Amino acid sequence: MTNVQKNRIFALGTLILSLYLGYESFSYPGNSSLFPRVLVVVMGFLGFLFFLRQTLLSKKIKPSPGNDGTGSCSVASEKSSADKTALASAGLVFGSIGIYALLVGLVNYEAATVIFMATMMPVLRFSKKRWIIVISCGLMALLWAIFFHLLGVTRPESLIFG
Amino acid sequence: MFENILLGIGPLLSVNMLIAIAGGVTGGVLIGVLPGLTSTMGIALLIPITFSMPPEVGLAMLGGIYLASTYSGAISGILLNIPGTPAAVATLLDGYPMTQKGQSTKALALATFGSCIGGLISVVALLFIAPPLAEFSLRFGSPEYFLLAVFGITVIASLSGEDVEKGLIAGIFGLLLSTVGNHPLTGFMRFTYDIPALFDGIPLVVSLIGLYSIPEVIDMLTRRKSGEKIKLNLDESNPLRFFPEVISQKVNLIRSSLIGIAVGIIPGVGCSVGGFLSYDAAKRSSKKPEEFGKGSTAGVLASETANNAVTGGTLIPLLTLGVPGNPVTAVLLGGIMIHGLRPGAELFTTNADIVYSFILSLFISNLLFVPVGLFMAKYCVRLIQIPRSILAPAIMAMAVIGSYAIRGSMEDVWIMLFIGFCGFVMHFFAVPRAPMVLGLVLGTMAEGELSRSLSLIHGDVGAFLIQLVTRPISLVILILCILSLVQGIRQQIKKNSVYEN
Amino acid sequence: MIRNNVRGFNVFSRMLVMAAVTSLSIALTAGQSLAKYPEKPISMIVAYSPGGGTDTAARVVAKYVQPYLGKRLIIQNKPGAGGQIGFTSLAQAKTDGYRIGFINSPSIVMVKMLRDNVPYEMSDFEPIANIQLDPVVLVVKADSPYKTLADLVEDAKKNPGKINVGGDGPQSNNQLQLIVAEDKLGVDLNFVPYNGSGPAITSLLGGQVDAAVPSATSATTHINNGRLRALGVFSPESYKYLPGVPTIKEATGVDIPSVGAASRGIAAPKGISAEHKAFLTKAFADVMKDKGFVEQADKMGLPLKYMNPAEYSAYLEQAAAEAKKYIHLMK
């Protein structure tokens, strides 16, 4: 994806988000939603403006003779592969944190943390087994000491091992 | 008054006092570095410990935590692009690019010395001109606060980078996020979908963790996979070498300190706004505004000097009127009252020894976090060289416990992930995130004070508009808003014409 | 006869066995729970953030009750949604005697009445002890034209809805108190909610509002140093730290129920054993007589007011009943 394409998608996304938030905020009583209503309208307008500007810009760029067809193509494909990796990484991050949070609620904080660290490190191609165990347990102990011991934060409650 | 100051020196020289200050500062630096630990929390949890200490010792310790944690949020911001505290958000705009250029120690040195100088100047203000400033702060009513929030919002363009629309959209999205939860006047619940964790709105620190940690981790993994070697150069220069450069930016230091103090004495505005406003001012008055956002030393210095100057500022209304300006000082007020001290003008006469030794201890704290911070930073700098396969999961684990710890609720972890998703989308589409933080910080104030102003004037919009022009302070802020907007638009036009050519 | 005898013996032996068993079991349970409970620290849920008024009060109590409990009392902050999250988690807490909570009335009943789907009932709580009672005061700036409450009421009758009164809000105990007062006095004031009693006082000090209805604890300093004038305290008896200020009845002659007074006390989830409850009741009754605790409370200006479990239950029930009468005015 080129930057202009990305910008257009972003602008469209903004418009859709504004429509949804607008629908929500206009369903609330007026005296309690004046502020979000105004904001939603402005945001939608800006999204529209940005979409327009980027569309005009993309038309301007295309016919320009200085743009070497092949070169820009390879750049574009390199970019889109980077985008794909970014999306895959995002999936991994959100998925793993989600599972970690569920594990904390289900098993218990200490075990979940060690499991999370010990799984994530090899997934990210860190292969020294002994270090994986040392680092996982060490980090858990450090976080435990700072948050639960020093600051007296209450441990999260869990279903199985409280 | 000078006798009173001298009276304060006595207790200051005791060993207990110095230990308390050192403990407070060290703890504060640690609290600030870790995203998710806030000074509010640190102080609140330490208040019971300070029970049994003499009041001046306990207060000095709490003061040390406050000052040191406000400063040290910059360390993680500069090194990892993850702000440790909301106050550091404007710092990383230029601090992180400096790290990418291999100037991490320089950036840290600028932040440290800037914070120290800003903090010291603000304590001088607290020591000598507190009472008149405090009286002045009382003249801010709802219309003034509303305009102040608007003025803060006009800074967005400055934080926006290339496409100003993107910055504005991010800012408005931040403002919209701030409307989640109950309406400040009617109590009506908006965008809460019956989830109690959202009733009070989205907690700022939780969203800060999501907005910065999550995209940063994703970025680490992406660059890893695409085979890019991310060896950031360690910068092992001596931080003291940069002190003359800090001192040479006299105008910047003084301007930022004054902005910080001004923001501090107005209750309810806070450290992060001080950083943003001063960053904006530095950029506008700079001869090379194009360097901002790409590793400008003036940017780092402006933001850090101002956010620590806010600390002394917030203590002015706190000690002279008993009016806390932000959550930290509200907790600090509790810490003061627990010793049976009652803020007010009398505090400075009847309890002069305690108050002045507290204020003088702030000088020591401000000076002390320089060596402590630089020492810690020396080791923290190595963070950027830790293999990403260890650093990334470690940051994720910290993000989870950090967002949990704020309110002790796992729901906040899910909120953090949601904001993290927003942050990732913004990062993916190259949308700046700082305007969103600004929106989130100022939104409640803008909305609440606008509806409060209207309620105070019984819903008469016309009278409200007249009020904006006839109240002297509000008129001044209104003019500032207009100037800021006009200059912003002008710069935009100039930038566009550069593109055209 | 023989049968009778046998039967008599049977009855006798049964009684004997039963007596033995009961006494043994009493001894055993006494040995088990009275001597051992609490075996580990007890945690106390506080439904507000660390550092706030409720939290500070809770931490002071926690510190001084420790010798009477024999174990530490650990504060567990569960803030959010105006207390709803913390109250809910207390209502649903384990009844093993190691989980208790610091509850605020009338907030706890108002949250229930004002919102849908609040997952607790007042019957989910077992009141143990009330610790403090913080009434609402009506204050004006020291240079205000309102010298007495009568001045304010008179002006309010002339200009209905024009007098701005700041206070913690929206939907707070302070607002409830003002609404009740308006109803009883037949006046119409314009309540302007602020983000807490502190900011309401600040805006009064700056002359942004005409009067304010903060909690007595947050206004006392400003009243005593002469920046604010208290016109009346919404309480049946005069307030300990403001001896010269008339009660609302003395000031107006009208009996206004003090529904807005914020009470803070200890409660357990319903279903804890009678022995645990008795033990906790004694510990908190003792700390309220502790010299160190009372001195510390005086230093901080905490208005202590002890109520035993029966009195506290009755108080909570009455607060709920009073709030119910006026709650529709706040929706």
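Remember, predicted model here, so these are calculated numbers, not experimental data. Throughout, protein chains are lettered first and strands after them, A, B, ... in sequence-line order, and every chain is numbered starting at 1.
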Under a 4.5 Å heavy-atom cut-off, does chain B meet the side chain of A/Leu143, its backbone, both or neither?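 Contact with chain B involves the side chain of A/Leu143 alone.
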
Looking at every non-hydrogen atom in both residues, tell me the closest pair between [X] and [Y] and how far apart they are.
X	Y	answer
A/Ala101	B/Val413	CB-CG1, 4.0 Å
A/Pro36	B/Glu447	CD-OE2, 3.8 Å
A/Asn31	B/His183	O-NE2, 3.6 Å

If you take the centroid of each ring, where Trp contributes its six-membered ring, are B/Phe191 and A/Tyr28 closer together than 6.0 Å? yes

Looking only at heavy atoms and a cut-off of under 4.5 Å, which of B/Leu168, B/Leu34, B/Leu176 has the most pairs with chain A?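 The option with the most such pairs is B/Leu176.
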
Among B/Met426, B/Lys166, B/His427, B/Met398, single out the residue with the greatest number of heavy-atom pairs under 4.5 Å to chain A.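 Of the options given, most contacts go to B/Lys166.
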
Test log, rule side chain to side chain contact (heavy atoms under 4.5 Å, CB included), inputs B/Met396 and A/Ser96: CA-CA 9 Å; B/Met396 288 192 254; A/Ser96 59; 3.9 Å; yes

Intermediate values then yes/no, side chain to side chain contact (heavy atoms under 4.5 Å, CB included), A/Phe94 and B/Phe424: CA-CA 10 Å; A/Phe94 288 113; B/Phe424 165 68; 4.3 Å; yes

Among A/Phe116, A/Trp131, A/Phe148, who wins on heavy-atom pairs under 4.5 Å with chain B?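 Option with the greatest count: A/Phe116.
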
Just checking, is any N or O donor in the side chain of A/Thr85 or B/Thr222 under 3.5 Å from an acceptor N or O on the other one?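 Checked: A/Thr85/B/Thr222 side chains show no N/O donor-acceptor pair below 3.5 Å.
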
How about B/Phe418: does its CZ atom have over 12 heavy atoms from other parts shown lying under 6.0 Å from it?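 No, the 6.0 Å shell around CZ holds no more than 12 heavy atoms from other groups.
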
Under the side chain to side chain contact (heavy atoms under 4.5 Å, CB included) criterion, do A/Glu24 and B/Tyr193 qualify, and how do the steps go? CA-CA 11 Å; A/Glu24 281 278 322; B/Tyr193 309 99; 3.9 Å; yes

Side-chain donor or acceptor of B/Arg190 paired with backbone N/O of A/Ser25 under 3.5 Å: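 No.
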
The interface call for B/Val425 against chain A, heavy-atom contacts under 4.5 Å, is neither

Identify which part of B/Ala399 has an atom lying under 4.5 Å from any heavy atom of chain A, answering side chain, backbone, both or neither.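 Neither part.
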
